[in-house]
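Read the structure below first, then the notes.
Proteins come first, then strands; the chains are lettered A, B, ... in the order of their sequence lines, and each starts at number 1.
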Amino acid sequence: MLDSKILRSDLDSVVAKLQIKNFDLDVAAFRQLEEQRKTLQISTQNLQGERNSRSKAIGEAKAKGDDIQPLLDTVASLGDQLKTAEAELNGLQTRLDELLLDIPNLPHDSVPAGNSEADNIEVLRWGEPAEFDFEPRDHIDLGQALGGMDFERAAKLSGARFVTMTGPLVTLHRALIQFMINQHILQHGYTETYAPYLVNEATLMGTGQLPKFKEDLFHIDSENHNLYLIPTAEVPVTNFVADSIVEAGQLPLKYVAHTPCFRSEAGSYGKDTRGMIRQHQFEKVELVQIVRPDASMAALEELTGHAETILQLLGLAYRKVILCGGDLGFASTKTYDLEVWLPGQNAYREISSCSCMTDFQARRMKARWRNPETGKAELVHTLNGSGLAVGRTLIAIMENYQQADGGIKIPDVLQPYMHGMTEIRA
RNA sequence: GGAGAGGUGGCUGAGUGGUCGAAAGCGCUCCCCUGCUAAGGGAGUAUACGUUAAUAGCGUAUCGAGGGUUCGAAUCCCUCUCUCUCCGCCA
């Protein structure tokens with residue numbers, strides 16, 4: 001959520017910045033609501049003030065033993081007036097809040113304008129796309145030939161966009177998780193965390209998935225439960241600090257979590273329907289940082305670097321892009337995507353997305369820290385990034401490390417987690 | 001699932017209808033005293049919004065959330081939610 005102060009004081013520049021994200025703020029509607037709110041608030045507060053002072057007088061008169069009936073008569077009509085005014089003000093406030101909750105975060109000055117991923121700016125390429133002296137296959141063919149990956153069986157169990165796996169591919173999948181988490185906790189200073197996979201509405205409000213993106217989520221709506229499956233560990237883990245004040249000395253908080261992620265993928269029908277690129281359920285190792293506001297942009301560079309390290313250690317060629325305004329997420333002020341080279345698609349595909357949310361989520365969550373300089377509780381900044389998406393990393397390993405005979409070589413750094421296996425063969 | 005207790009400011013914790021935004025303690029900030037790795041004294045210390053040149057004053061709201069009763073509610077009633085204790089069931 002944006003600071004409503006800057007909306008009131010500097011609406012024009014807010015509108016201009018939102019344009020970069022292709023978001024058109026209904027300025028007229030906002031101004032009108034705001035204007036109405038102001039006048040109504042003043043008149044309501046006047047009424048409340050009158051009620052308060054008269055009630056006080058009644059209390060004092062009663063204490064002295066005076067007759068209070070005349071005083072009671074004078075307040076008789078106040079109640080109804082107040083009730084009406086308060087109800088109207090509430091309604092207006094609710095509409096303003098709804099408007100505010102739907103406004104995305106402002107993009108950072110370094111974010112380029114643009115409408116789609118075609119307008120993203122490439123920052124660097126690392127590694128050489130693998131060369132093959134045979135026609136490389138995609139992970140679907142490879143998985144089928146190896147015999148451990150079955151989409152039809154998953155469809156029987158659950159429908160489209162699920163997979164079942166058996167045997168060494170699953171071991172590799174698990175090895176990736178272990179490898180990533182160990183790297184982050186031992187080398188990058190993150191604290192390993194465990195969090196719920198089902199969360200309530202307030203939690204999703206906090207990180208910005210609700211109220212605007214409800215259709216992207218799986219929802220448990222039964223008699224006794226109103227919960228959502230997490231679309232990313234960002235949601236529960238960032239909310240660790242919701243409604244709390246963190247001591248300055250504890251910052252930055254750096255959390256790593258491995259969780260499944262659940263996404264309805266509404267609106268992406270027909271997109272990446274084949275294979276494991278886009279599933280309703282996938283595993284991800286997520287990095288979350290809670291930092292001082294003055295440290296957040298540097299933290300974004302650091303966090304992105306941590307995700308890159310994983311790709312580098314796995315020897316996977318990738319490129320790093322800055323998302324343009326139109327591609328930038330709702331809550332993010334700046335996002336780096338890491339795109340891994342997939343020989344089977346002959347393309348770079350997103351494998352990590354690292355974002356700085358400034359105080360946008362913190363304001364929604366009421367996540368604060370005590371600033372020693374001011375002595376006040378102020379909003380923290382939050383960041384998150386995939387380090388990495390496990391399913392897509394599995395694909396990348398399969399396609400990049402494939403052999404002419406359809407086998408998959410195991411990267412050196414993963415072998416300690418593969419009980420000696422150096423290659424997966426049919 | 002059954003029975004009970006409870007959610008108050010950064011923290012602990014008083015407060016059962018009227019000068020309660022809220023005692024006290026802790027913590028923190030400033031000042032004084034003392035001059036030595038102690039201690040003592042004093043003052044201040046929630047947030048949001050409105051008004052305003054103002055982080056000054058004043059006003060309004062906020063004691064888990066929402067609704068109700070009342071001239072007036074942290075205090076009474078209802079619903080929801082969370083926590084704790086005991087019993088039952090259970091990976």
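Across every strand in view, B:A74 sits unpaired, with no contact that passes the Watson-Crick or G-U test at under 3.5 angstrom.
If you check every strand for non-hydrogen atoms under 4.0 Å, A:I58 touches a base. Using a 4.0 Å heavy-atom distance criterion, A:R8 is classed as a sugar-phosphate-only contact. Within 4.0 Å (heavy atoms only), A:I245 reaches sugar-phosphate atoms of the nucleic acid but no base atom.
Comparing B:G17 with B:U51, their P atoms sit 38 Å apart, to the nearest whole Å. Remark: the separation of the C1' atoms in B:U75 and B:U70 is 13 Å, to the nearest Å. Across the P atoms, B:G9 and B:A5 are found 23 Å apart, a figure rounded to whole Å. Nucleotides B:A91 and B:G7 are separated by 31 Å at their C1' atoms, to the nearest Å. With both ends at atom C1', the span from B:A38 to B:C33 equals 14 Å, rounded to whole Å. The separation of B:U69 from B:A53, taken at their P atoms, amounts to 40 Å, rounded to a whole angstrom.
Both A:G79 and A:S4 lie near RNA chain B, and the one whose nearest nucleotide falls closer to the 5' end is A:S4. The residue among A:I42 and A:N90 whose nearest nucleotide of RNA chain B is located toward the 5' end is A:I42.
Within the structure, every side-chain polar atom (N or O) of A:R54 is placed at least 4.0 Å from both OP1 and OP2 of B:U70. For the pair A:R37 and B:C49, the criterion of a side-chain N or O lying under 4.0 Å from OP1 or OP2 is not met. Neither OP1 nor OP2 of B:G10 sits under 4.0 Å from any side-chain N or O of A:R368. Under 4.0 angstrom from either OP1 or OP2 of B:U55 there lies no side-chain N or O belonging to A:K376. Phosphate proximity of B:U51 to A:K38: present, with a side-chain N or O under 4.0 Å from OP1 or OP2.
Ring pair A:F240/A:Y255 is perpendicular by interplanar angle, where above 60° counts as perpendicular and below 30° as parallel.
One finds a salt bridge joining A:D272 and A:R349 here, because a Lys/Arg side-chain nitrogen approaches an Asp/Glu carboxylate oxygen to under 4.0 Å. The pair A:E50-A:R54 meets the salt-bridge criterion, with a side-chain N (NZ, NE, NH1 or NH2) lying under 4.0 Å from an Asp/Glu carboxylate O. The pair A:R37-A:E34 meets the salt-bridge criterion, since a charged nitrogen lies less than 4.0 angstrom from a carboxylate oxygen.
From A:I230, atom CD1 reaches atom CG of A:N239 across 11.0 Å, with rounding to the nearest 0.5 Å.
For the pair A:K409 and A:Y401, the cation-pi criterion (under 6.0 Å, within 45° of the ring axis) is not fulfilled.
Between the C1' atom of B:A46 and the CD atom of A:E378 lies a distance of 15 Å, rounded to the nearest Å.
In the set B:C71, B:G10, B:G50, the nucleotide with an atom closest to the side chain of A:R51 is B:C71. Distances from the side chain of A:N52 to the nucleotides B:G10, B:U60, B:G18 place B:U60 closest. Which of B:C71, B:G50, B:G10 sits closest to the side chain of A:V75 comes down to B:C71. For A:Q41, taking side-chain heavy atoms from C-beta onward, the closest of the listed nucleotides B:C71, B:A61, B:C49 is B:C49.
Below the 3.5 angstrom threshold, one finds a donor paired with an acceptor across the side chain of A:Q45 and the base of B:G59. The base of B:G18 does not come close enough to the side chain of A:K56 for any donor and acceptor atom to sit less than 3.5 Å apart.
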